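Contents: one structure, followed by commentary.
Proteins get letters first, then strands, A, B, ... in listed order; numbering begins at 1 in each. Quick note: numbers below take in every heavy atom, side chains included, and nothing from hydrogens, waters or symmetry partners. As the structure is a computational prediction, the values presented were derived from the model and not from experiment.
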Protein chains: 2
Amino acid sequence: MISTDLIKGSLKTIVLKLLKENGRMYGYEITRKVEELTAGQIKLTYGALYPILHKLENEGVLVTESENYNNRIRVYYSLTDKGESVVAEKVREMKEFIESLQNIVNPQPGLNHA
Amino acid sequence: MISTDLIKGSLKTIVLKLLKENGRMYGYEITRKVEELTAGQIKLTYGALYPILHKLENEGVLVTESENYNNRIRVYYSLTDKGESVVAEKVREMKEFIESLQNIVNPQPGLNHA
DNA sequence: TCATATATTTAAGTAACTTATATATTGCAA
DNA sequence: TTGCAATATATAAGTTACTTAAATATATGA
């Protein structure tokens, strides 16, 4: 498992990117998808996920549709137009972040920045 | 610039990895090296850096040597034996983290995990 | 009958940061 | 010679994105 400190700041971006890739999803589905994609390395707790979803809905980034499945409520979330542009920006930022981290953990010895 | 939320949890690992690569360094030097390696994307503020260094010293991960240069105090930090193994573990974790993030932002459509 | 999986919600607590402030020297430009 | 930028370290106060924990409810297989 990866320490929660490391993962913390990236949860919102992860949720948004999954919604972009998969269209509408419900909360429980999102947690399982994250585990699947990261081979169990990243786990989204419900205490983190649902507040994130509610906040993004309040901000107009997501919209919900509640449906009934097997007598259980499912709240499906999907991106608004605003959400689409928010995702694009967040993903761009994350790619820059990944690149920066790679420059740290895999420094190129030949490349002298002096 | 990358949002501070994203960067937050990785600062300690970044500091430790730089010390591993460069041997002993002083605080101010570390902040500049991070900016250089990340093309200005990641900035280590002093309010973050010095508490991190002090804490790592208290934990026996780092040791200090204070020297005088141009009438300014420089506190050089370097890894202890314990520090070396801490870095190894932290870097391993960060590589897993990067890999997980890449699986999110660059999903492989052909690869079906169902 | 009981544990596990499914499904959502929210309150309370933690800690890694940011922001701001303090202090002091060197060196360059106007 | 005045004043700003760069160099160098330190720490107190505040923020916030999380974690942990507790609550609620149904379906399903052993």
In whole angstrom, give the distance that lies between atom [atom1] of [X] and atom [atom2] of [N].
{"X": "Met25(B)", "N": "dA8(D)", "atom1": "CE", "atom2": "P", "answer": "12 Å"}
{"X": "Ile7(A)", "N": "dA15(C)", "atom1": "CD1", "atom2": "C1'", "answer": "16 Å"}
{"X": "Glu35(A)", "N": "dA5(C)", "atom1": "CD", "atom2": "C1'", "answer": "13 Å"}
{"X": "Lys12(A)", "N": "dA17(D)", "atom1": "NZ", "atom2": "C1'", "answer": "8 Å"}

**Item:** Spacing of Glu96(A) atom CD and Gln41(B) atom CD [to the nearest 0.5 Å]
**Value:** 4.0 Å
**Message:** So if I take every side-chain heavy atom of Pro51(B) and compare against dT9(D), dT8(C), dT11(D), which nucleotide ends up nearest?
**Reply:** dT11(D)
At less than 4.0 Å, is any side-chain N or O atom of [X] found next to OP1 or OP2 of [N]? Yes or no.
{"X": "Lys55(A)", "N": "dA17(D)", "answer": "yes"}
{"X": "Arg32(A)", "N": "dT6(C)", "answer": "yes"}
{"X": "His54(A)", "N": "dT8(C)", "answer": "no"}

**Message:** Can you list, in residue-number order, the parts of residues 43-50 of chain A that come under 4.0 Å of DNA chain D, counting heavy atoms only?
**Reply:** Thr45(A), Gly47(A), Ala48(A)
**Message:** If you take any heavy atom closer than 4.0 Å to DNA chain D, which residues from residues 58-72 of chain A end up in contact?
**Reply:**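 Close to the strand are Asn70(A), Asn71(A), Arg72(A).
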**Request:** Show your working on salt bridge (Lys or Arg N to Asp or Glu O under 4.0 Å) between Glu36(B) and Arg32(B) and close with a plain yes or no.
**Result:** CA-CA 6 Å; Glu36(B) 182 193 314; Arg32(B) 284 186 312 180; over 6 Å; no
**Prompt:** Between the main-chain N or O of Val61(B) and the side-chain N or O of Thr80(B), is there a donor-acceptor pair closer than 3.5 Å?
**Reply:** yes
**Request:** Looking only at non-hydrogen atoms, find the nearest pair between Ile2(B) and Glu93(A) and report the distance.
**Result:**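 For Ile2(B) versus Glu93(A), the nearest heavy atoms are C-OE2, 3.5 Å.
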